[in-house]
Every structure is written in C-alpha cells, then in structure tokens.
Amino acid sequence: MTKVLYSATMSLDGFIAGPGGDMSWLTEHLGGPNPVADDLVGKIGALLIGARTFHGDDPNRGTEKEGAFGGAWTGPQFVLTHRPPTDPVPGVVFVDDLTRGLAAAKAAAGDRYVNVLGAEVAAQCLAAGLLDEILVFIAPVLLGDGVRLFRRPGGAHVPLDQVTTASAPVTTVWLKVRR
C-alpha cells in the first residue's frame, strides 16, 4: 500500500526555508552522502509538490544537482496549484485538488512512497488525515525566520510515533502519524 511521506530538511529552530522562501542556506548542509536520504530516493514513486515549492528557490539551480533530492530523483511529479502554466512542463502534471492530486500520485507511485514537498501541501495532507509519515533532516543552523516545517495556527494536537532516529551526518527523525 502506498504511503504518503513528508520529507524536509529543517533548521534547528524549525524552518525549511528562510525569509521569502530562500533555500540557499541548504547548500552547505547537502554536500556529503546521507545514508537515510540516499536510501529514500529509491523508495519514492511520485512527488506531490506545492506550487511555491515547485516554482521556488532550488539551492542547486543551474548545476547537475538541480531538482528533487539534489537531482538524484526522477519520476512523476504532481504539482498542486490553482494556476497551472500555459505551457506544459515535461514529466509534471498540474492538479487543482488535493484529493485528486494525491490519488493520481498514489496511482503513479505504485507500492512506493508519495513524497510531499512543500509545507503548505504537507499541512493540508495532515489536516485531511492523508499524511502517513514525516521524515526530518535537522541541519545544525538557526535561521530565525522563514517557512516553518508545519504552521498550524489553532491546529489540533497531532500525536506521532518515532520510527527511527539517526545522527550522522545530520540528525534525522522519522515519525509515523498516529491514527
């Protein structure tokens, strides 16, 4: 059965992007091998991406590492947006509804993960009871402001169960959303 996973690299103070969506801070934290991230790439069957993430800042833009997971991942991508581009983007399907977009991503993923990229889409999946797991790579930096891993003003308590924790090269926490 396909699982929905939200994975992100986060600063110690809880931000996945700096002010204005700046992702340049990630460059110094993505340099070396990371066994958890490297293993994850082969377990992903499709991406469900928020529009801001899709159109946003890629710290590897213009290099051979541009794209998801430092350019290591290729496959079907579904972008949740209310304003799809007029020109098609190869390998990308634009969807305007979370439920339909996730269903299409699951069908494309087969028995592998649908990996969510983008804090807003992840929060929507969580609120709708559609998020199964969360994987956070904690970078040793404090950003002070920006886009939070989860922003849920007035949101309900969400119990999580720890699956694994690793500490090299960065602290990694893998959690299951308790149902």
Side-chain angles (χ1 to χ4, degrees), residues 3-81 85 89-92 94 105 109 112-126 131-152 160 162-175 177:
K3 291 185 180 176
V4 180
L5 169 71
Y6 174 36
S7 69
T9 300
M10 174 184 81
S11 65
L12 184 60
D13 54 351
F15 298 99
I16 62 170
D22 175 37
M23 300 294 288
S24 63
W25 68 275
L26 272 173
T27 305
E28 69 182 279
H29 303 287
L30 300 177
N34 182 317
V36 175
D38 297 342
D39 184 54
L40 175 63
V41 171
K43 295 178 179 178
I44 297 171
L47 299 178
L48 180 63
I49 309 168
R52 280 184 287 233
T53 300
F54 180 76
H55 295 293
D57 187 15
D58 182 339
N60 296 310
R61 184 165 281 131
T63 73
E64 70 281 351
K65 292 187 173 189
E66 183 173 354
F69 297 94
W73 189 86
T74 58
Q77 300 178 53
F78 298 84
V79 176
L80 188 60
T81 182
V89 177
V92 179
F94 294 91
R112 295 183 291 163
Y113 281 106
V114 170
N115 194 95
V116 175
L117 298 178
E120 181 62 33
V121 173
Q124 289 177 39
C125 288
L126 185 64
L131 189 64
D132 298 305
E133 299 178 13
I134 302 166
L135 173 60
V136 181
F137 301 94
I138 304 170
V141 64
L142 298 171
L143 294 180
D145 195 8
V147 178
R148 290 215 170 269
L149 177 71
F150 280 103
R151 184 174 181 279
R152 303 180 65 232
L160 304 170
Q162 188 168 324
V163 176
T164 61
T165 301
S167 60
V170 297
T171 300
T172 304
V173 180
W174 200 314
L175 305 152
V177 177

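By convention here, the first residue in the shown sequence is residue 1.
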With side chain to side chain contact (heavy atoms under 4.5 Å, CB included) as the test, would you mind laying out the steps for I44 and R112 before giving the verdict?
CA-CA 5 Å; I44 297 171; R112 295 183 291 163; 5.9 Å; no
Chi angles and distances behind the side chain to side chain contact (heavy atoms under 4.5 Å, CB included) call for W73, N115
CA-CA 11 Å; W73 189 86; N115 194 95; over 6 Å; no
Walk me through whether V79 and V89 qualify under side chain to side chain contact (heavy atoms under 4.5 Å, CB included).
CA-CA 11 Å; V79 176; V89 177; over 6 Å; no
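Rounding to the nearest 0.5 angstrom, the gap separating the CZ atom in F137 from the CG atom in L40 is 6.0 Å. Distance check: L160 CG to W174 CH2 gives 14.5 Å after rounding to the nearest 0.5 Å. From L48, atom CG reaches atom CZ of F78 across 8.5 Å, with rounding to the nearest 0.5 Å. To the nearest 0.5 angstrom, L47 atom CG is 11.0 Å from T53 atom OG1. To the nearest 0.5 Å, atoms CD1 (I138) and OG (S11) are separated by 9.5 Å. Rounded to the nearest 0.5 Å, atoms CG (L117) and CZ (R52) are 14.5 Å apart.
Looking at residues two or more places apart in sequence or on another chain, you find a side chain to side chain donor-acceptor pair (under 3.5 Å) between T165 and Q162. Applying the ring-ring contact (aromatic ring centres under 6.0 Å, His included) criterion to F54, with sequence neighbours excluded, gives F94. Under the side chain to side chain donor-acceptor pair (under 3.5 Å) criterion, N34 pairs with no residue at all, not counting sequence neighbours. Y6 is linked by a ring-ring contact (aromatic ring centres under 6.0 Å, His included) to F150, counting only residues two or more places apart in sequence or in another chain.
D132 places no side-chain N or O within 3.5 Å of a backbone atom of L5 that could act as its donor or acceptor partner.
Within 6.0 Å of the CZ atom in R152, the count of heavy atoms belonging to other residues, nucleotides or ligands exceeds 12.
Inter-residue side-chain proximity for F15 and D22 is flagged as unmet; no heavy-atom pair is nearer than 4.5 Å.
Among residues at least two apart or in separate chains, salt bridge (charged side-chain N to carboxylate O under 4.0 Å, His left out) pairs with a member in residues 37-47 are D39-K43.
Closest of all the heavy-atom pairs between A166 and V36 is CB-CG2, 4.3 Å. Between A109 and A46, the closest heavy-atom pair is CB-N, 3.9 Å.
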Anything under 3.5 Å between a donor and an acceptor, one on a side chain of residues 139-149, the other on a protein residue two or more places apart or in another chain? List them.
from: R148; atom 1: NH1; to: D13; atom 2: O; distance (Å): 3.1

